[in-house]
Number of protein chains: 2
Amino acid sequence: MSKEQPTPTLQDVATAAKVSTATVSRCLNFPDQVKEKTRTKVLKAIKMLSYSPNFGARAMASRRTETIGAIIPTMENAIFARGLQAFQDELHLHGFTMLVASTSYREDIEEEQIRALVGRGADALLLIGHARSPDIYRFLEAQAVPALVTWAFDTSLSRPSIGFDNQKAMCRMAKKVIDLGHRNLALVSAETILNDRAKARQLGIEDAMVAANFCAKTLHVVKTTYGIEEGATAFEQVMKAAPQTTAVFCGNDVLAVGALRRARELGFKVPQDVSIIGFDDIELAEIAYPALTTVHVPHREMGRRAAEALIKLLNKGTQIEAVELEASLVFRDTLAPARN
Amino acid sequence: MSKEQPTPTLQDVATAAKVSTATVSRCLNFPDQVKEKTRTKVLKAIKMLSYSPNFGARAMASRRTETIGAIIPTMENAIFARGLQAFQDELHLHGFTMLVASTSYREDIEEEQIRALVGRGADALLLIGHARSPDIYRFLEAQAVPALVTWAFDTSLSRPSIGFDNQKAMCRMAKKVIDLGHRNLALVSAETILNDRAKARQLGIEDAMVAANFCAKTLHVVKTTYGIEEGATAFEQVMKAAPQTTAVFCGNDVLAVGALRRARELGFKVPQDVSIIGFDDIELAEIAYPALTTVHVPHREMGRRAAEALIKLLNKGTQIEAVELEASLVFRDTLAPARN
DNA sequence: TAATAAAATGCAAGAGCTTACATTTCTATT
DNA sequence: AATAGAAATGTAAGCTCTTGCATTTTATTA
């Protein structure tokens with residue numbers, strides 16, 4: 001049992017170094033405002049005591065935390081990981097810290113996490129997608145915490161976003177698919193109520209169908225939750241309910257990989273019998289066999305730009321300007337002309 | 001330009017509800033200590049003002065944050081993600097918040113992140129692996145922040161850990177490989193200096209070799225950094241330098257998937273020409289083609305148990321007891337008897 | 001109804017830091 | 001050597017909460 005020694009404070013350091021707390025504080029925050037000799041003395045005391053500033057106190061006193069919170073639906077898969085890593089790297093470069101929280105795609109948890117992060121003094125927030133209750137936006141406004149939306153791009157909303165147009169991107173992909181002769185289309189999608197990206201992707205397919213004079217209603221949609229196994233099950237449902245389907249879009253690569261697997265297990269040849277199209281272009285897509293045709297999302301770029309914008313806003317007050325990035329189509333091996 | 005309205009404080013709520021700050025505070029922290037009627041009043045004021053407690057102030061005053069920090073090498077891949085998600089889920093169940101930071105496998109960044117999290121008032125820390133400078137352990141002790149090590153298990157250290165024995169697990173796998181007639185073994189590994197898991201895995205293979213009366217020095221080791229592409233390159237190096245190799249162990253699945261890909265690209269048949277063995281059993285392993293033979297790590301269980309132990313420690317002072325979990329061998333399609 | 005105990009609330013002292021302003025110590029100039 | 005001005009340091013107020021203790025209100029019992 002170690003005796004409960006209280007953790008050292010600024011005051012302790014000041015005493016040990018025989019200076020005032022102000023000097024120690026400046027030593028930490030504005031090193032060049034204090035004389036070399038004093039600084040050495042103070043630094044030594046800090047090391048000796050293993051002192052580490054109390055963040056809460058600092059935040060309270062300075063009204064600034066240099067912390068940016070990121071709230072993502074899930075950490076389990078790589079969908080958000082890469083963009084987040086880029087975001088974090090950029091923040092780190094500028095002395096900011098990133099705090100991550102995940103919501104499991106649940107709105108109530110998201111709200112909770114937003115509050116937690118704001119309460120923890122996040123200077124700004126990174127959010128995924130636009131869809132959430134107005135209450136939350138109101139709350140953020142009341143707390144004067146700027147929030148930036150990524151993974152989506154929509155100028156019709158007043159909120160700035162840095163991302164790409166999910167609908168447009170998916171529409172382009174769907175057009176290609178239709179060009180390849182596919183007429184019986186299906187979509188395995190996440191629930192679209194609180195997931196505007198999923199909804200936009202569905203709309204994109206429908207746009208392409210309408211443009212090709214199909215009835216958008218013939219798109220066979222199966223909704224499911226997130227996961228490889230879920231994708232597999234959904235694929236099976238699709239083929240059971242609509243056996244004439246020749247192309248199955250998936251709302252993301254994780255679902256697509258599941259679909260792909262189940263297709264194989266059920267004896268479908270991909271892409272000869274059925275084409276499968278993903279979205280995101282995460283590592284899984286390339287590793288999958290056959291390699292997945294998908295829509296490439298510029299995760300890294302997005303993360304980096306988001307960080308930049310937020311830092312500029314925080315440091316110089318520069319308003320965030322919306323940035324639309326381009327998602328590109330990646331044709332690999334799971335898309336082929338429709339069988340006839 | 002919205003006029004800079006200061007964010008509301010406890011005091012503001014108290015004023016609005018015509019009670020004292022103490023009552024508001026109790027309303028938030030010990031709701032049943034305040035009369036129903038008062039509580040309603042206060043809650044209304046809170047909602048009206050969009051009040052959210054200032055975490056820093058609370059932490060300072062109560063000397064408790066209900067926050068646990070997790071510091072992992074990388075978020076980019078699924079290796080730590082699943083365990084972390086389980087950790088987070090369990091914490092959430094008990095009202096704790098998890099804060100994640102990543103280090104890119106760099107010791108200096110790890111130290112920085114540990115300090116950041118401790119400074120932010122983390123009540124405890126989750127760390128990966130044992131290997132780090134004694135300074136850091138000293139620092140944590142000075143700050144009285146308990147730290148739990150996972151992804152490793154080693155009773156010879158005084159620090160408690162909840163994880164599995166990397167060396168033993170890899171040794172078992174290596175024995176199987178040797179049993180299949182492989183004599184020319186290679187290992188694609190992460191740098192082992194600051195990565196005790198990587199080192200333990202290497203030692204495991206060597207143990208098995210010694211047990212089979214091979215010279216451990218014949219293990220052809222190529223060190224590389226983390227990533228699929230890196231794994232691919234390393235594999236190529238191995239086969240160039242030691243073409244007689246029939247089995248390539250990889251320090252983790254990510255490297256293995258890269259190796260697997262390059263093997264195919266170079267015209268090696270896997271597993272007929274060369275066997276490839278991974279470690280971790282993340283999703284990628286199953287998706288890879290051929291599906292990867294690997295060592296399954298009980299990520300979820302590990303995360304959950306770690307959370308449990310930490311919560312017990314924090315809530316009831318129960319000392320953490322080390323838990324050794326079992327890693328199991330998963331034989332899929334990349335391992336076959338050695339060609340002769 | 002008075003007396004007592006229990007419950008609810010209020011008061012005010014911190015918790016560890018930053019920073020405006022005051023004071024002291026240097027440096028450079030004459 | 002004296003002195004103005006700059007640089008370094010110190011003083012103390014204030015940031016927002018929690019909580020021990022004091023006080024008031026409510027409930028209970030004789």
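Scope of the values below: all heavy atoms of this structure, side chains included, with no hydrogens, waters or symmetry mates. Every chain is numbered from 1 and lettered A, B, ... according to where its sequence line falls, protein lines coming before strand lines.
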Phosphate OP1/OP2 of C/dT18: any A/Ser25 side-chain N/O under 4.0 Å: yes
Separation of atom NZ in A/Lys37 from atom P in D/dT9, rounded to whole Å: 10 Å
Whole-Å gap separating C1' (C/dT19) and CZ (A/Arg26): 8 Å
Among C/dT9, D/dG10, D/dT9, the nucleotide that comes nearest once only the side chain of A/Val19 is considered: D/dG10
Closest to the B/Ala61 side chain, choosing from C/dA15, C/dT18, C/dG10: C/dA15
Side chains of B/Ser102 and A/Gln88, donor plus acceptor under 3.5 Å: yes
Between D/dA7 (C1') and A/Gln33 (CD): distance, integer Å: 10 Å
B/Arg115 and B/Glu111 ion-paired at < 4.0 Å: yes
Candidates B/Trp151, B/Phe80, B/Phe87 - the one meeting ring pair (Phe, Tyr, Trp, His ring centres under 6.0 Å) with B/His299: B/Trp151
Which atom of A/Pro8 lies closest to which atom of A/Leu49, heavy atoms considered: CG-O, 3.3 Å
Short side-chain N/O contact from B/Thr9 to OP1 or OP2 of D/dT16, under 4.0 Å: no
Protein-nucleotide distance (B/Lys18, atom NZ; C/dC11, atom P), rounded to Å: 15 Å
DNA chain C: 5'-proximal contact among B/Thr21 and A/Ser62 (nearest heavy atom): B/Thr21
Derivation of the side chain to side chain contact (heavy atoms under 4.5 Å, CB included) call for B/Val100 and B/Ile72: CA-CA 8 Å; B/Val100 193; B/Ile72 58 172; 4.2 Å; yes
Lys/Arg-Asp/Glu bridge criterion (N-O < 4.0 Å) met for A/Arg106, A/Glu110: no
OP1 or OP2 of C/dG16 under 4.0 Å from side-chain N/O of B/Arg63: yes
Phosphate OP1/OP2 of D/dC15 contacted by B/Asn54 side-chain N/O (<4.0 Å): no
Nucleotide nearest B/Lys35 when distance is taken to its side chain, options C/dA8, D/dT19, C/dT19: C/dA8
Atom-pair distance (CD on A/Glu36; C1' on D/dA7), nearest Å: 15 Å
Nucleotide of C/dT18, C/dG10, C/dG16 approaching A/Met60 most closely (side-chain heavy atoms): C/dG16
Integer-rounded Å distance: C/dA15 C1' and A/Asp12 CG: 13 Å
Terminal axes of the helix from C/dT1-D/dA30 to C/dT30-D/dA1 (five pairs each): angle between them, nearest 10 degrees: 30°
Whole-Å gap separating P (C/dG14) and CZ (B/Arg64): 24 Å
Rounded distance in Å - CZ (A/Phe30) to C1' (D/dA7): 16 Å
Below 4.0 Å: OP1/OP2 of D/dT9 and any side-chain N or O of A/Ser20: no
From C/dT19, D/dT9, C/dG16, nucleotide with atom closest to A/Val34 side chain: D/dT9
Pairs under 3.5 angstrom only: tabulate donor-acceptor contacts from the side chains of residues 34-41 of chain A to other protein residues two or more places apart or in another chain.
residue	atom	partner	partner atom	Å
A/Arg39	NE	A/Pro31	O	3.3
A/Thr40	OG1	A/Glu36	O	2.7

